[in-house]
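Scroll down for the structure; my scribbles are underneath it.
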Amino acid sequence: MESSKVKETYNATEKEVYWQKFWEEANINKFNPSSSKELFTIDTPPPTISGALHLGHIYSYSQAEVIARFRRLAGFNVRYPMGFDNNGLPTERLVEKERNIQGHNMPLADFVKICLEVTDQYKEKYSRLWKSLGLSVDWDLEYSTISSESQKLAQTVFKELFEKRAIYQKEAVALYCHRCRTSVAQAEVEDQERDSVFYDIAFSEENNDNLIIATTRPELLPACVAVFVHPDDQRYTGVVGKTVKTPFGKKISVLADDKVSIEKGTGAVMCCTYGDETDVYWVRQYNLPERIILGKNGKFLEIAELPEISSKSIVEGRKIIVAKLRKLNAITDERPIKHNVGVHERCGTPIELLSTKQWFIKMLDKKEDLLKAGQKIKWHPSFMLKRYEEWVSGLKWDWCISRERFFGVPIPAYTCDSCDHIYLPNENNFPIDPKIQTEVLSCPKCQKGNLIPEKGVLDTWFTSSLTPDINNIFPTNNQLAEKLYPMSLRPQGHDIIRTWAVYSILMGLYRHQEIPWRELMISGHILLRKGEKISKKTGGGQFKPEDVIKNHSADAIRYAMYGASLGRDAFYDEQEVKKGKKLVVKIYNAGKFILSHLTDFSKDNIANQPELETLDRWIIYRSYVVAQKMAKEFEKYEYNKARILFENFFWSDFCDNYLEIVKGRLWNEEKSSEKYQSAQYALYLTYLNILKIISPFMPHITEEMYHAKLLANNRIISQTDSGFFASLEEQTSIHLTAWPIDQQNISLTEEELLGVELMLTTIAEARKYRASQQLAMNVIIPSFTVNGKKKAELLLKPFLADLLFVIKAEKVVF
RNA sequence: GGGUGAUUAGCUCAGUUGGUUAGAGCGUACGGUUCACAUCCGUAAGGUCGCAGGUUCGAGUCCUGCAUCACCCACCA
């Protein structure tokens with residue numbers, strides 16, 4: 001009696017870890033700078049350390065990954081590093097939250113130390129997840145944007161650009177968050193709808209009439225430097241150019257400007273320093289004085305006419321002023337409204353405009369160059385170029401690169417307190433932190449004053465826009481040192497085109513007079529069902545990447561991620577992951593079946609190619625054609641189309657048709673016969689090609705099957721040091737083999753191709769017939785008629801035996 | 001208000017330079033297998049391709065307008 005059959009299955013959870021360890025130990029992804037192959041360099045996005053990784057990361061990082069793997073197989077010397085952007089405000093926020101501390105009320109050195117500690121833990125966590133996904137990154141090329149090398153580079157670039165006069169310092173109005181106590185970039189501001197009150201406030205004219213202005217910010221009244229009306233507004237033509245008094249007695253002039261909207265409020269608006277960007281524009285345009293009433297801590301300064309609000313917060317000050325205005329009967333109307341307020345995305349505090357000294361990089365006079373540079377780069381998908389152009393054309397400000405924060409690259413500058421000379425230290429001393437410089441330096445220019453250290457740090461985009469340079473000067477580049485610029489590919493998300501892509505291109509133009517990369521691969525976002533965006537804030541709900549990998553395997557989730565087109569937002573669909581899981585099982589089982597019929601197949605069989613049956617030649621030919629088509633899609637970054645090509649070929653052509661047909665010969669023909677050996681040859685070659693072409697998507701199961709071998713008891717095992725395919729192909733990993741290119745020109749004549757086609761349609765017809773008659777498979781059809789007479793008979797001749805087997809018919813008549 | 005993308009079967013999506021009866025997976029219905037497949041295979045039902053015009057011998061595909069959704073930007077006194 002036969003022993004009960006133990007079904008064996010592929011234990012993905014276990015084996016994926018096994019192969020990951022193998023790749024690491026065997027240095028499969030190691031970059032070799034002395035290779036003679038053509039270079040393909042990837043400017044991997046260094047993830048910002050600001051919380052846990054989520055499915056969105058898996059989605060976007062999978063995309064560069066599949067390209068890296070394809071390019072390696074296609075014969076390129078791929079340089080695929082990983083970096084970490086572990087400084088700046090988002091990181092500080094994470095550390096402050098996690099450790100329950102505040103950067104601004106503890107010694108700087110302590111805070112930085114804790115930041116490094118925490119970010120190191122996160123680096124570990126991130127790396128582990130990337131490795132568990134099977135990313136083919138060379139981890140020896142890991143960098144961090146806060147490492148002393150990166151800091152040195154950033155400070156050197158700062159000095160370089162300062163000396164080129166591309167960087168300048170200026171007293172300017174910047175977006176400022178009182179809570180975080182720093183200026184912020186435009187990109188860090190988001191809209192939020194808030195309840196507010198629209199007040200009508202009476203200003204008195206010289207003739208004692210009232211001029212009514214409307215505002216939601218009455219607390220800024222002491223900062224009012226002018227009133228504006230529209231030049232075409234009939235109601236106010238008389239007052240333009242005159243002087244009015246605020247309820248608190250300040251005299252200001254009434255000016256006309258077409259930025260005022262006639263319909264809004266009363267049509268008269270006060271200009272305060274600073275309520276919004278229009279105020280900034282007006283102050284500049286009309287050379288108005290500044291009246292600063294808010295301090296950097298978000299509290300009111302001393303105001304002569306309103307001593308009671310000094311040191312009060314904005315909200316408290318507003319209450320006091322509204323009460324006072326009511327007493328003065330200056331409020332003629334008030335109505336509650338909802339309106340959008342710009343708030344800091346990290347803390348929700350409304351952003352104020354504050355005039356401070358900031359450092360800027362000139363961008364506005366580089367607009368034309370930026371636009372030209374954008375056109376030199378190949379954008380994938382191409383429409384993303386428009387977004388870039390839209391943003392660059394609309395730029396209004398130079399790039400503010402200074403931040404009054406703690407954990408970042410210090411701005412390497414000193415200012416003389418006597419002559420205002422700006423002193424930048426020698427770059428041999430970089431990285432330096434001027435703040436912790438103990439000795440007092442005297443000004444080299446005037447010899448009198450002391451040098452006051454700059455307290456700010458650089459915007460983290462300053463360093464991350466230098467990732468092509470960080471890669472270019474990486475210590476182990478050896479003979480490729482400083483020869484990696486420009487890089488081949490920058491993969492990144494569409495949300496940071498206006499920051500990372502734009503700033504990197506700007507740096508490239510300043511430093512190298514060249515674009516930083518030849519191609520840009522822009523990925524979309526992954527969304528949860530109801531259109532909810534997954535971000536570090538929302539987490540990704542119930543779907544934690546670690547869990548999905550554990551429950552479904554890395555190959556499965558990777559496969560799911562490759563279902564969406566590049567650049568498009570996609571929904572996370574667990575069905576897709578399950579589909580991936582099924583494909584893994586199918587590849588495993590097909591391999592098991594094939595190995596069981598190749599026990600007597602050896603190197604000799606490969607060397608002495610038998611006279612191939614037409615059908616066998618067809619399936620081999622198809623595998624090369626599909627490989628070639630997939631390669632074209634990969635080159636266009638259309639990995640999802642490559643996936644579809646594979647699916648159709650593997651599942652339908654190979655498994656459902658070819659394997660089912662060829663079973664007839666495998667079961668019935670003599671092992672020594674040409675017909676049998678032809679089938680073996682085709683199985684070997686085609687399955688190997690299949691493993692190769694799906695390996696960029698599914699690196700684990702393909703490695704598993706490449707190393708699999710059949711045991712005497714008809715079970716298969718797979719180990720690093722053995723394997724049927726591995727020993728015959730003499731490569732230690734499927735990932736070191738070459739993308740299938742037909743060396744022997746296996747082809748089919750037009751007649752033969754027609755024959756295969758006819759055979760497949762005949763099979764389909766026979767199946768239809770069987771289904772309509774509800775015939776079981778063990779019922780033999782005595783005679784099956786094919787339309788087409790002599791021609792059909794001729795075409796089908798080479799396949800007749802195979803055909804009769806698969807449709808279970810005794811004979812075919814024409 | 002400006003920009004970009006999307007709108008195709010119940011769901012998630014493909015549809016290459018305009019060319020016969022618009023495809024896949026999942027789901028549904030029915031049947032067959034269990035000697036690669038805790039399964040797998042087959043067959044079928046299901047779509048006026050967001051709406052309205054236009055170009056053309058011919059439009060899911062090109063043009064115009066509109067609608068809806070998403071993202072980005074501007075406005076937010």
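Throughout, a chain's letter reflects where its sequence line sits, starting with A, and its residues are numbered from 1.
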**OP:** Check every strand shown and say whether Cys655(A) touches a base, only sugar-phosphate, or nothing at a heavy-atom separation below 4.0 Å.
**Re:** base

Original post:
Lys386(A) side chain: which of A38(B), U4(B), G32(B) is closest?
Top reply: U4(B)

Subject >> Residue-phosphate contact under 4.0 Å: Ser652(A) side-chain N/O, C41(B) OP1/OP2 >> reply: no

Subject >> NZ/Lys250(A): more than 12 non-hydrogen atoms of other groups inside 6.0 Å >> reply: no

**OP:** Could you please spell out the steps behind the salt bridge (charged side-chain N to carboxylate O under 4.0 Å, His left out) verdict for Arg643(A) and Glu576(A)?
**Re:** CA-CA 13 Å; Arg643(A) 197 191 89 164; Glu576(A) 278 287 310; 3.1 Å; yes

Subject >> Rounded distance in Å - NZ (Lys636(A)) to P (U17(B)) >> reply: 9 Å

Original post:
With sugar-phosphate meaning primed atoms plus P, OP1 and OP2, does Phe198(A) contact a base, only sugar-phosphate, or nothing at under 4.0 Å between heavy atoms?
Top reply: sugar-phosphate

Original post:
A77(B), C13(B), G5(B): which one has an atom nearest the side-chain heavy atoms of Phe571(A)?
Top reply: C13(B)

Original post:
Which residue, Phe697(A), Phe634(A), Tyr59(A), forms the ring-ring contact (aromatic ring centres under 6.0 Å, His included) with Tyr562(A)?
Top reply: Phe697(A)

Subject >> Nearest-angstrom distance, P atom, C13(B) to A6(B) >> reply: 13 Å

**OP:** For Lys808(A), report the nucleic acid contact type (base, sugar-phosphate, nothing); a contact means any heavy atom under 4.0 Å.
**Re:** nothing

Original post:
Which of the following nucleotides, A74(B), A38(B), C41(B), is nearest to the side chain of Lys396(A)?
Top reply: A74(B)

Subject >> C35(B) versus U48(B) - spacing of their P atoms, nearest Å >> reply: 44 Å

Subject >> is_close_aromatic(Tyr687(A), Phe725(A)), centroid dist under 6.0 Å >> reply: yes

Original post:
Would a line drawn from the ring center of Tyr286(A) to the ring center of Phe228(A) be shorter than 6.0 Å?
Top reply: yes

Original post:
For the side chain of Lys581(A) and the backbone of Asn551(A), is there at least one donor-acceptor N/O pair under 3.5 Å apart?
Top reply: yes

Subject >> Distance, P atom - from C76(B) to U64(B), rounded to whole angstrom >> reply: 32 Å

Original post:
Does Lys663(A) make a cation-pi contact with Phe593(A), if we ask for NZ or CZ under 6.0 Å from the ring centre and within 45° of the axis?
Top reply: yes

Original post:
Can you tell me the Watson-Crick or wobble partner of U34(B), both distances under 3.5 angstrom?
Top reply: none

Original post:
How would you label the contact of Glu389(A) with the nucleic acid (heavy atoms, under 4.0 Å): base, sugar-phosphate, or nothing?
Top reply: nothing

Subject >> For A59(B), the Watson-Crick or wobble partner whose two distances fall under 3.5 Å >> reply: none

Original post:
Under the 6.0 Å and 45° cation-pi test, does Lys808(A) pair with Phe805(A)?
Top reply: yes

Subject >> For atom CZ of Arg643(A) and atom P of A24(B), their distance in whole Å >> reply: 16 Å

**OP:** Could you tell me the separation between the CE atom of Met705(A) and the P atom of C37(B), rounded to a whole number of Å?
**Re:** 13 Å

**OP:** Can you figure out which of G3(B), C72(B), G42(B) approaches the side chain of Glu390(A) most closely?
**Re:** G3(B)

**OP:** Both distances under 3.5 Å, Watson-Crick or G-U wobble: report the partner of U43(B), or none.
**Re:** A29(B)

Subject >> U20(B) versus A59(B) - spacing of their C1' atoms, nearest Å >> reply: 15 Å

Subject >> Candidate nucleotides A36(B), U33(B), A14(B), ranked by approach to the side chain of Ile644(A) - the nearest >> reply: A14(B)

Original post:
RNA chain B: Phe383(A) or Glu576(A), which has the more 5' nearest nucleotide?
Top reply: Phe383(A)

**OP:** Give the nucleotide from the list G25(B), C40(B), A38(B) with an atom nearest to the side chain of Asn589(A).
**Re:** A38(B)

**OP:** Round to the nearest Å and state the distance from Ile212(A) atom CD1 to A77(B) atom C1'.
**Re:** 15 Å

**OP:** Pick the C1' atom in U16(B) and in G32(B), then give their distance to the nearest Å.
**Re:** 37 Å

Original post:
Is A38(B) syn or is it anti, if syn means the base angle is within 90 degrees of 0?
Top reply: syn

Subject >> Lys586(A), nearest nucleotide to its side chain (from C73(B), C40(B), C26(B)) >> reply: C40(B)

Original post:
Would you say a side-chain N or O of Lys259(A) is under 4.0 Å from OP1 or OP2 of A77(B)?
Top reply: no

Subject >> Residue matched to C49(B) through Watson-Crick or wobble contacts both under 3.5 angstrom >> reply: none

Subject >> Watson-Crick or G-U wobble partner of A24(B), both distances under 3.5 Å >> reply: U12(B)

Original post:
Counting only side-chain N and O atoms of Lys641(A), is one of them less than 4.0 Å from OP1 or OP2 of G15(B)?
Top reply: yes

Original post:
With a non-hydrogen cut-off below 4.0 angstrom, is Trp282(A) in contact with a base, only sugar-phosphate, or nothing?
Top reply: nothing

Subject >> Arg767(A) CZ to G42(B) P, straight-line distance once rounded to whole Å >> reply: 6 Å

Subject >> Side chain of Thr215(A) (C-beta onward), nearest among U12(B), A77(B), G42(B) >> reply: A77(B)

Original post:
When you compare G18(B) with U56(B), how far apart are their C1' atoms, in angstrom units rounded to a whole number?
Top reply: 9 Å

**OP:** Could you tell me whether Thr266(A) contacts a base, only the sugar-phosphate backbone, or nothing, with contacts defined as non-hydrogen atoms closer than 4.0 Å?
**Re:** nothing

**OP:** Just call it for Lys768(A): base, sugar-phosphate, or nothing, with non-hydrogen atoms closer than 4.0 Å on any strand.
**Re:** sugar-phosphate

Original post:
In the strands shown, is A74(B) matched to any nucleotide by a Watson-Crick or G-U wobble pair with both distances under 3.5 Å, and which?
Top reply: none

**OP:** Check every atom of U33(B), C76(B), C73(B) against the side chain of Arg498(A) and return the nucleotide holding the closest atom.
**Re:** C73(B)

Subject >> Integer-rounded Å distance: U4(B) P and Asp495(A) CG >> reply: 19 Å

**OP:** Between A14(B), C75(B), C76(B), spot the one nearest the side chain of Arg568(A), thanks.
**Re:** A14(B)

Original post:
Is the phosphate of A77(B), meaning OP1 or OP2, less than 4.0 Å from a side-chain N or O of Thr278(A)?
Top reply: no

Original post:
Which part of the nucleic acid, if any, lies within contact of Ala590(A), taking any heavy atom under 4.0 Å across all strands shown: a base, the sugar-phosphate backbone alone, or nothing?
Top reply: base

Original post:
Would you say Ser565(A) reaches C13(B)'s phosphate, i.e. side-chain N/O to OP1/OP2 under 4.0 Å?
Top reply: no

Original post:
Looking across every strand, which nucleic acid part, if any, lies under 4.0 Å from Lys578(A) by heavy atom: base, sugar-phosphate, or nothing?
Top reply: nothing

Original post:
Looking only at atom P, what distance separates C11(B) and C57(B), rounded to whole Å?
Top reply: 38 Å

Subject >> A22(B) and C71(B), which share atom name C1', separated by this distance in whole Å >> reply: 30 Å

**OP:** Nearest whole angstrom, please: distance from the C1' of A77(B) to the CG of Asp276(A).
**Re:** 6 Å

**OP:** Answer yes or no: side-chain N or O of Glu277(A) and base N or O of A77(B) forming a donor-acceptor pair under 3.5 Å.
**Re:** no

Original post:
Taking OH from Tyr281(A) and P from A77(B), how many angstroms apart are they, rounded to a whole number?
Top reply: 18 Å

Original post:
Between Ser355(A) and Glu290(A), what is the shortest heavy-atom contact and its length?
Top reply: OG-OE2, 3.4 Å

Subject >> Distance under 6.0 Å and angle within 45° of ring axis: Lys586(A) vs Phe650(A) >> reply: no

Original post:
Where each residue is assigned the nucleotide of RNA chain B containing its nearest heavy atom, which of Arg770(A) and Asp656(A) is assigned the position nearer the 5′ end?
Top reply: Arg770(A)

